[in-house]
Amino acid sequence: MRCVFEDDFESGMDRWRLYDPKTWRVTEHDGNHAAEITSRESEYAASVRSPFHVAIIKDLEVGDAVIDFRVRSTLDTGNHRDCCVFLGHQDPTHFYYAHLGARPDPNSGQIMIVDGAPRRPLTENERLVPWDDKWHNVRVERRVKEGTIRVFFDDMDKPLMEATDTTFGAGGIGIGSFDDRDEFDDVRVYVPE
């Protein structure tokens, strides 16, 4: 694989398209910068039920890809404490996302599709996401032809959840949250050589 994008937010968030710029900022801790969602509320709401906090990498569309990043949840909101990873993003109402919600149910802790209609799960995941106040490593692997999406949380050997769907081909990549507060760092996107 070769790296086609990396961002550690040391130079801000100019490489990202933010659906609600008012809810994002770059923060600094001990000389290290990260992208932070600052509020649970948002002025952005899509025309169909889907996440409120969305940051899409500008000028990047990929098919097969591996997305790696670090994330820290900054507010314990209970069962739906989450972060999201967006992939195959076509437009604000057509994309996949992995919802890393603490306790799974049909709206939390699943791989979702938004296809011109309110989000719906592609998985029936029952595994908890072990959120705390520390930094965690997330990886998402996607293979377009096979339609596979695999999501890893800290354990990079065993997927937390997996789905198969071929609705969308190549598209944008992003990070964010449905309606929670998080910090993100060290985002990297890899594609096959």
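Judged purely by atom type and a 3.5 angstrom limit, Arg40 uses its side chain to pair as donor or acceptor with the backbone of Asp179. Put simply, the side chain of Asp8 never gets that close to the backbone of Asp186: no donor and acceptor are under 3.5 Å apart. One N or O on the side chain of Gln90 and one on the backbone of Ala170 form a donor-acceptor pair closer than 3.5 Å. Here the side chain of Arg188 pairs no donor or acceptor atom with the backbone of Val66 at under 3.5 angstrom. Listed for the Thr167 side chain is no donor-acceptor partner under 3.5 Å among the backbone atoms of Asp165. The closest donor-acceptor contact from the side chain of Thr74 to the backbone of Arg181 lies under 3.5 Å.
Legend: residues meeting ring-ring contact (aromatic ring centres under 6.0 Å, His included) with Phe152, ordered by chain and number and at least two apart, are absent. Listed by chain and residue number, Asn125, Lys158, Leu160 satisfy the side chain to side chain contact (heavy atoms under 4.5 Å, CB included) test with Arg127 (two or more places apart in sequence, or in another chain). Shown here are the side chain to side chain contact (heavy atoms under 4.5 Å, CB included) partners of Arg103, two or more places apart in sequence or in another chain: Asn79, Leu128. Under the side chain to side chain contact (heavy atoms under 4.5 Å, CB included) criterion, Thr166 pairs with no residue, sequence neighbours left out.
Contact record, Glu10 with Gly31: OE1-O, 3.9 Å, taken as the closest heavy-atom pair. For His99 against Cys84, the heavy-atom pair with the smallest separation is CD2-SG, 3.8 Å. Of all heavy-atom pairs spanning Val114 and Tyr97, the tightest one is CG2-CE2, 3.8 Å. Contact detail for Asp82 and Ser177: the closest heavy-atom pair is OD1-OG, 3.1 Å. The nearest pair of heavy atoms linking Gly101 to Trp131 is C-NE1, 4.4 Å. Here the closest non-hydrogen pair linking Arg142 and Leu87 is CD-CD1, 3.4 Å.
Other residues, nucleotides and ligands place no more than 12 heavy atoms under 6.0 Å from the NZ atom of Lys22. Within 6.0 Å of CD in Glu146 there are more than 12 heavy atoms belonging to other residues, nucleotides or ligands. Atom CD of Glu28 sits in a crowded spot, with more than 12 heavy atoms from other residues, nucleotides or ligands closer than 6.0 Å.
Rounded to the nearest 0.5 Å, atoms OG1 (Thr123) and CD (Glu162) are 10.5 Å apart. Atoms CG and CG, on Asn137 and Asp155 in that order, are 11.0 Å from each other to the nearest 0.5 Å. Between the NE2 atom in His94 and the CG atom in Asp115 there is a gap of 5.0 Å [rounded to 0.5 Å]. Between atom CZ of residue Arg25 and atom CG of residue Leu18 there is a gap of 14.0 Å, rounded to the nearest 0.5 Å. In this structure, CD in Glu36 is found 4.5 Å from OG1 in Thr27, a value given to the nearest 0.5 Å.
Between Phe5 and Trp16, the two ring planes are perpendicular [angle over 60°; tilted spans 30° to 60°].
Counting heavy atoms from C-beta on, the side chains of Asp30 and Asn32 never come closer than 4.5 Å. Looking only at side-chain heavy atoms (C-beta outward), Arg2 and Val191 come within less than 4.5 Å of each other. Between Met161 and Leu100 there is a side-chain heavy-atom pair separated by less than 4.5 Å. Taking 4.5 Å as the limit, every side-chain heavy atom of Glu183 sits out of range of all side-chain heavy atoms of Ile37. Between Thr93 and Ser47 there is a side-chain heavy-atom pair separated by less than 4.5 Å.
Applying the ring-ring contact (aromatic ring centres under 6.0 Å, His included) test to residues at least two apart or on different chains, the pairs with a partner in residues 27-49 are Tyr19-Tyr44. Screening residues 54-75 for ring-ring contact (aromatic ring centres under 6.0 Å, His included) gives Phe69-Phe184 as the qualifying pairs, with residues at least two apart or on separate chains.
The pair Asp182-Arg72 does not meet the salt-bridge criterion, since no charged nitrogen lies less than 4.0 angstrom from a carboxylate oxygen. Between Arg81 and Asp76, at least one side-chain N (NZ, or NE/NH1/NH2) sits under 4.0 Å from a carboxylate O, which counts as a salt bridge.
Both Phe95 and Phe52 belong to a single network of hydrophobic side chains, linked directly or stepwise wherever heavy atoms of I, L, V, M, F, W or Y lie under 4.5 Å apart. When the side chains of ILVMFWY residues are joined at heavy-atom separations under 4.5 Å, either directly or via intervening members, Ile173 and Trp24 end up in a single hydrophobic cluster. Clustering ILVMFWY residues whenever any of their side-chain heavy atoms sit less than 4.5 angstrom apart, transitively, puts Leu122 in a cluster other than the one holding Val144. By the rule that hydrophobic residues join a cluster once side-chain heavy atoms approach within less than 4.5 Å of another member, Phe168 and Ile175 end up as members of one cluster. Hydrophobic clustering of Ile, Leu, Val, Met, Phe, Trp and Tyr side chains at less than 4.5 Å, counting indirect connections, unites Val62 with Val138.
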Practice prompt. Report the C-alpha separation of Arg120 and Ile113 in whole Å, then their side-chain angles, then the decisive distance to 0.1 Å, and conclude whether the side chain to side chain contact (heavy atoms under 4.5 Å, CB included) test is met.
Written response: CA-CA 6 Å; Arg120 64 179 175 82; Ile113 184 170; 3.6 Å; yes
Practice prompt. Show the numbers, then the answer: is there a side chain to side chain contact (heavy atoms under 4.5 Å, CB included) between Arg119 and Arg49?
Written response: CA-CA 6 Å; Arg119 49 86 164 97; Arg49 182 79 170 151; 3.5 Å; yes
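Between the side chains of Trp135 and Asp185, no donor N or O sits under 3.5 Å from an acceptor N or O. A donor-acceptor contact under 3.5 angstrom links the side chains of His80 and Asp105, judged on distance only.
The side-chain contact (heavy atoms from CB on, under 4.5 Å) test with Val85 singles out one residue from Val187, Val140, Val151, Val71, and that residue is Val140.
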